[in-house]
Amino acid sequence: MKRIFAAMFCVCLSAGAMAQSALAFDASAGEKSKMTVYDGSEVNYTAYERLFYVTNVEDSTYQFLNVYVPDGATQQTPIFLRTYVGGYMASPAAQPQAGDATGRALKEGYVVVIPGTRGRNSSIVADKQYAKTHKVVTKGQTVYTGRAPKAILDLKAAIRYLRHFDKEMLGDAERIITDGTSAGGAMSALMGATGNNPEYAALLKAMGAADERDDVFASVCYCPIIDLEHADMAYEWLYGQTDSRQSLDDTHRQMSKELAALFPAYVNSLNLMKPDGTPLTADNYLDYLKSEIIRAAQTAKNAGAYIPDSIGFSFSSEAGGMFTAPINGGIPPQMQGDKRPMMQAEQPPMGMRPMHGGQLQVGEYITGLDMQKYLNYVVSTQALKGVPAFDSQIEGINNASGENEEFGDETGSNANFTDYTARRNNAALTDAIRQNVRLMNPMSFIGDGTTSVAPHWYIRHGARDRDTSFPIPVNFATKLQNAGKDVNFLLAWNRPHSGDYALDELFQWIAEITQSKF
């Protein structure tokens, strides 16, 4: 599809560094277009593409954004910012897709913004000028442009660009809703949790980002891969007793035990509080996780999903047990005032049927859960990651993970980012790596007193997603709730690692928080 670029400067079409004298946006330079969305209707919109959001462009393949303005949008229309980052890899600025949240956002009348971002695999070949200004590389050398924390810096620069041209561009930069899945969920979490934090300021200034705020109104986070420096210990604490972990060789089984033993102290250090105001600690953490999984299952069951008893659930026609979940849409006493919506019903995968030959009777409570049996079910649907799951690079034992690449440097190196794995390699983390790890973790900034954290959050993690462990999103959602934020969180029943699902529910939530018509 032919597009008219709105950038008023020379564009380099191949990957490489380039400079522009100033940021630019021309409201008259958009191109009219249309797309057929999920319900068969057509949405007319104006496209503005290849808008470079920094003046010092290091990688011209990625460091720009696309904007799509539906007919009827005004200056007060919320902006839906979707990042397609996956695996912490580079993500080109894309066009809206009819089958995901971008197409739905256009249909609902929101301005859609899709930024490109550098990632762990993005690279350029250094020319003479680049080598002159970057002393660690030479002319002709491959330079990896997107190692941590470059992706979040690009996204922050994109937000600043939208604020810089808020008066010229339709859409309200004070009502930006971010959305992403997996590592993109992490990016959405970072955009929401690190607004205006001064630790990013010098890096953004060096890029030539606009001198504007970079906080957002709301963040949608599907299965966010965050808190990487604690993800290994959480993973082994949760999955270390599953059958698959017990079949590991002695070295990896011992590492699993060592990592799991680190998790209780970390949980206690967070000083989290449950919704009833009591402390969430290592002593009651497993029961809390059970309650969240039961809530997910009961919510889905009430909407018509099959919930088998073969994977650890206990049922009763009367309330009771460790946790009392809602019955037929009702709300038990301890959840009065809970406004979290039900998930849509889903059909179970093959082989996932109740042992007694049919759906459990409508009206039954889920009163308990055998966590060991349930976790073995989760593992049966997809093999676990190795040990360690994230900071995996151990000389002579394990290969590097994508996250080890993420914390490497521009020469293409890999790096450990946890003390545990660094010690296994008889090494120590540098201050630079520690700082990059901090800048890539939204948990670092919630409630620090200097950061503008988004007021609204929609967080989903599949109840059989093993790409990171359940405690990671649970801790994140709980910390946000404890900080007084509006958090809509659910371990979505029977969902694997995925995003942009239950879009009716998502966009009803967006309409409610933006007071838009749904």
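The analysis underlying the following values was restricted to heavy atoms, covering all of them including side chains, and did not include hydrogens, waters or symmetry mates.
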inquiry  = Before you tell me yes or no, could you show the steps for Asp154 and Gln63 under side chain to side chain donor-acceptor pair (under 3.5 Å), namely the whole-Å CA-CA distance, both residues' side-chain angles and the distance that decides it to 0.1 Å?
reply    = CA-CA 7 Å; Asp154 285 349; Gln63 290 182 281; 3.1 Å; yes
Within 45° of the six-membered ring axis of [Y] and under 6.0 Å from that ring's centre, is NZ or CZ of [X] located there?
X      : Y      : value
Arg460 : Tyr501 : no
Lys34  : Tyr45  : no
Arg163 : Phe165 : no
Arg50  : Phe64  : yes

Do [X] and [Y] meet the criterion of a side-chain donor-acceptor pair at a distance under 3.5 Å?
X      : Y      : value
Thr367 : Ser316 : no
Gln508 : Asp504 : no
Tyr285 : Asn475 : yes
Glu505 : Tyr458 : yes
Thr242 : Asn376 : no

task = Applying ring pair (Phe, Tyr, Trp, His ring centres under 6.0 Å), run through Phe445 and Tyr200 and close with a yes or a no.
result = CA-CA 12 Å; Phe445 302 97; Tyr200 300 88; 5.7 Å; yes
request  = Could I get the full list of salt bridge (Lys or Arg N to Asp or Glu O under 4.0 Å) partners for Arg160, not counting sequence neighbours?
outcome  = Asp214
inquiry  = Counting neighbours of CG on Asp211 that are heavy atoms of other residues, nucleotides or ligands and sit closer than 6.0 Å, is the number greater than 12?
reply    = no
task = Determine the minimum heavy-atom distance between Asp26 and Ser28, stating which atoms define it.
result = OD1-OG, 2.7 Å
remark   = Looking only at heavy atoms, the pair that brings Ala193 and Ile446 closest together is CB-CG1, 4.3 Å
query = Considering the options Asn66, Leu65, Val113, Leu162, which one meets the side chain to side chain contact (heavy atoms under 4.5 Å, CB included) requirement together with Leu51?
reply = Leu65
request  = For the pair Gln75 (side chain) and Asp166 (backbone), establish whether a donor and an acceptor sit closer than 3.5 Å, ignoring hydrogens and angles.
outcome  = yes
query = Which class fits the ring pair Phe25 and Tyr48: parallel under 30°, tilted 30 to 60°, perpendicular over 60°?
reply = tilted
Mind checking what makes ring pair (Phe, Tyr, Trp, His ring centres under 6.0 Å) contact with [X], not counting sequence neighbours?
X      : result
Tyr239 : Tyr235
Tyr62  : none
Phe313 : Tyr374, Trp493

For this output row, return yes or no: ring centroids of [X] and [Y] closer than 6.0 angstrom.
X      : Y      : answer
Phe315 : Tyr365 : no
Trp457 : Phe476 : yes
Tyr88  : Phe407 : no

task = Output every pair passing salt bridge (charged side-chain N to carboxylate O under 4.0 Å, His left out) with a member in residues 73-93, not counting sequence neighbours, ordered by first then second residue.
result = Arg82-Asp179, Arg82-Asp500
task = Identify whether the distance between the nearest side-chain nitrogen and carboxylate oxygen of Lys150 and Glu406 falls below 4.0 Å.
result = no
Lys/Arg-Asp/Glu bridge criterion (N-O < 4.0 Å) met for Asp39, Lys107 = yes
task = Tell me, please, which residues at least two apart from Met371 pass side-chain contact (heavy atoms from CB on, under 4.5 Å).
result = Leu238, Leu286, Leu289, Lys290, Ile293, Leu369, Leu375
Verdict with supporting geometry, Asp215 and Ser452, side chain to side chain donor-acceptor pair (under 3.5 Å) = CA-CA 6 Å; Asp215 57 294; Ser452 303; 5.0 Å; no
